[in-house]
Amino acid sequence: MMQWDVAIVGAGMGGAAFGYALARAGHTVVFVEKGMMTFADDGADNPDVPDEQLRLQHGRWPTPILARVDERETNFYPPLGCGAGGSTLLYAGTLERLSTADFEDAAGRPEWPFPYRNLEPYYREVESLFRVRGSPDPFFEGPPAALRKPPSMTTSDDDLFNLLKDKGLRPYQLHNACEAKPGCLACGGTICHRSCKHDAGRVLVESAMRTGRVTFLDMCTVETIDADATAVKGLICRRNSERVVVQARFYALAAGALSTPLLLQRSANRFWPNGVANSSDMVGRNLMFHVSDFVAVWPRGRSRTVNAERSLAVRDFYKSGDDDFGIIQSTGMAATMGNIVHVLKGMIDTGPLGWLRPLRRMLYAPAFIAAWLLGRATILATVLEDYPYPDNRVRPHPDHPDTIYFEYVIRPELRQRVRRFRRIYRAAFWPRRTMVLTPNINLNFGHPCGTCRAGSDPRLSVVDGENRSHDLDNLLVVDASFFPRSGGVNPSLTIAANGLRVADILSARLHQMKKSAEEGARATS
């Protein structure tokens, strides 16, 4: 049986970055991926289709997940990708850095077990690899980001940009990994088959494969982690109905912040009755999302140019007094009927309009009316920080143990921060007319994180500052599960930068192990 240096469960942003760096450093890697390596380009993608095979062919998570949000049971298809590239297959390309303040202890919330400066060079490397475009973020000091020339501003974004500058704020052009080539189809929410959008599959997995040191096992589901009291011994998988055992020196979990903790819990055995590497009982806890408002804003003047470019970002209110808010950014969307239908479907499936689910197929008439009323408005989005709470958690469902299930309670403090943030950003856009299209709390289920948090105290965390399990020396977690805080931006850039950082640490260790083995072999020969 072949043994690799590192086995990685999942080929999304974290696993892809981790495997890419290790392969380029000379180590052998195997990706174990539930989804596909290549995808259909047949124009038949439908986010609502229930057929598992069709969903996998278009890079979508194949099955519904179950949730209990504020005592309301729901099931829905999550806005998560599956396959080589993971959720970056569906993302809109936004790659923003966390704030340096996110790494500091604030109001009793956990600080990161390493400082911002440890990530900075890896942020720059990812920005270069993904050809990120944008203007310098005025809120960061030190070396500038590795950014390419930003796109031209849309008419509506340009109007808002100048309005904010006139008010003494510091807007800048959003950092984005899309190139808007001729004929760009604006592939936020779908796979880009034209290479306009740089995803982790194209940028990282394919590059890693070209080293000749990488094996990619697609359509392969890890059923359980085989571990004794001291180490992981192997991954018990199912591929094409056959049992497959994957063995390596080190194992890294990168299946996503919903799937990674469930795999650990599902692998409970006599050594680990609460789940592998779960002596702290923290696996699955501290689940965080973001709150994302969609806000219609009417620009001044008659001309209107709204297209696929996401060109505006505002971070002036990221931290405001004692409040942690987040970023405001353009979406590249106008208030068209199709976009309004998309927003309404999301609110019905996972948000405050769940009671309208029986009428889900009848949304086009109200969406047409809404589009007519909204007229020339363009749509902005917020990314507001969520805080960790131990009882917001992923765990096996008693009746459906193989299905992703989470429990989440929306705290009063979150509702209050959302209301305060809305007052602040609406005042910033005054006198332009605004309308919040998500009137209640709109959790962004595409941004789960925190369920295997990193920390220096083994009693309160799952992995250490090098993303290594406190319990098992050869087990790491390199997806968004490790986030101690969610911050107020899309997590993708930080996931990738951290994957490169941890790969460098493990690579040095692997090289030392190989050197010691060679010296031992020479001494006995």
Side-chain angles (χ1 to χ4, degrees), residues 47-48 69 74 76 79 91-92 94 154 156-157 159-160 163-164 174 186 188-189 289-300 304 306-314 317 325-357 359-384 386 410 414-447 488 490:
D48 300 321
V69 180
T74 185
F76 59 93
Y91 81 155
T94 301
T154 65
S156 53
D157 283 359
D159 171 68
L160 297 177
L163 171 69
L164 295 169
L174 188 70
F289 298 106
H290 284 123
V291 176
S292 290
D293 282 346
F294 289 101
V295 189
V297 183
W298 282 259
R300 184 179 58 182
R304 174 185 178 179
V306 177
N307 56 29
E309 296 287 2
R310 301 156 60 84
S311 52
L312 174 68
V314 187
F317 320 117
F325 294 131
I327 197 171
I328 307 170
Q329 60 195 39
S330 56
T331 64
M333 297 194 302
T336 62
M337 184 175 75
N339 287 331
I340 292 171
V341 166
H342 172 74
V343 172
L344 288 175
K345 283 183 176 179
M347 295 174 68
I348 288 172
D349 287 344
T350 62
L353 300 183
W355 57 277
L356 286 175
R357 187 169 297 183
L359 305 178
R360 194 175 187 276
R361 297 182 180 276
M362 304 170 62
L363 294 176
Y364 289 93
F368 175 82
I369 296 171
W372 180 76
L373 292 173
L374 291 170
R376 296 174 47 258
T378 187
I379 298 177
L380 304 179
T382 65
V383 181
L384 181 136
D386 194 10
I410 300 173
L414 179 58
R415 298 183 187 277
Q416 293 163 8
R417 274 193 298 124
V418 169
R419 287 195 291 268
R420 289 195 291 271
F421 195 26
R422 287 173 178 170
R423 287 197 296 268
I424 289 172
Y425 68 67
R426 293 184 78 163
F429 291 124
W430 188 88
R432 305 295 183 267
R433 187 158 58 101
T434 62
M435 177 185 293
V436 179
L437 304 179
T438 45
N440 292 302
I441 303 297
N442 185 50
L443 294 173
N444 188 337
F445 294 121
H447 292 183
N490 184 299

Could you grab the distance from atom [atom1] of [X] to atom [atom2] of [Y], nearest 0.5 Å is fine?
X	Y	atom1	atom2	result
Ile441	Arg415	CD1	CZ	5.5 Å
Phe317	Ile327	CZ	CD1	12.0 Å
Leu174	Thr94	CG	OG1	4.5 Å
Thr434	Arg432	OG1	CZ	11.5 Å
Phe289	Ile410	CZ	CD1	10.0 Å

Looking at [Y], is its backbone amide N or carbonyl O close enough to the side chain of [X] to form a donor-acceptor pair, meaning the two atoms are under 3.5 Å apart?
X	Y	answer
Thr382	Ser292	no
Thr331	Ala381	no
Asn442	Asp293	no

Looking only at non-hydrogen atoms, find the nearest pair between [X] and [Y] and report the distance.
X	Y	answer
Asn440	Arg422	O-NH2, 2.8 Å
Leu164	Ala428	CD2-O, 3.8 Å
Asp386	His290	N-CD2, 4.3 Å
Arg417	Leu384	NH1-CD2, 3.5 Å

Is there a side-chain contact between [X] and [Y] in this structure, where contact means two heavy atoms from C-beta onward sitting under 4.5 Å apart?
X	Y	answer
Val314	Leu380	no
Arg426	Val295	no
Phe421	Val291	no

Checklist entry - Using a distance-only test with no angle check, is there a side-chain donor-acceptor pair under 3.5 angstrom linking Asp157 and Ser330? => result yes
Item to check | Ring centres under 6.0 angstrom apart (Phe76, Phe445) | outcome: yes
